[in-house]
Amino acid sequence: MINSPYPVTLQHRVVNIQETIGKTVGRRSPPDPLRIYPNEIENAKAWRRSFGGVRVPKGVFRFSSHEDADEWLMKNLVERAKI
């Protein structure tokens, strides 16, 4: 809380819109979302090594429910982990 003899409702900040900015200290640009940085590649490789490279079959699979899909996924993960 600001110690002031005036109530909080009477404190106003004055902003001059017509004033020009005299100096730009730095410039930042948003990162490129399509660029892959070297440390991200190394992180991906480390994660893959830590999980043992377990992979599930590629393709489009259709299931009648989420439970069937989860059961199929767990079955494939366990089978491939045993190999």
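Just the heavy atoms: all of them, side chains too, but no hydrogens, waters or symmetry mates, feed the values below.
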Check side chain to side chain contact (heavy atoms under 4.5 Å, CB included) between [X] and all other residues, then give those that pass, not counting sequence neighbours.
X: Glu42; value: Lys45
X: Phe63; value: Phe61, Asp68, Ala69, Trp72
X: Ser29; value: none

Quiz item: What distance separates Glu71 CD from Asn76 CG, expressed to the nearest 0.5 Å?
Solution: 10.5 Å
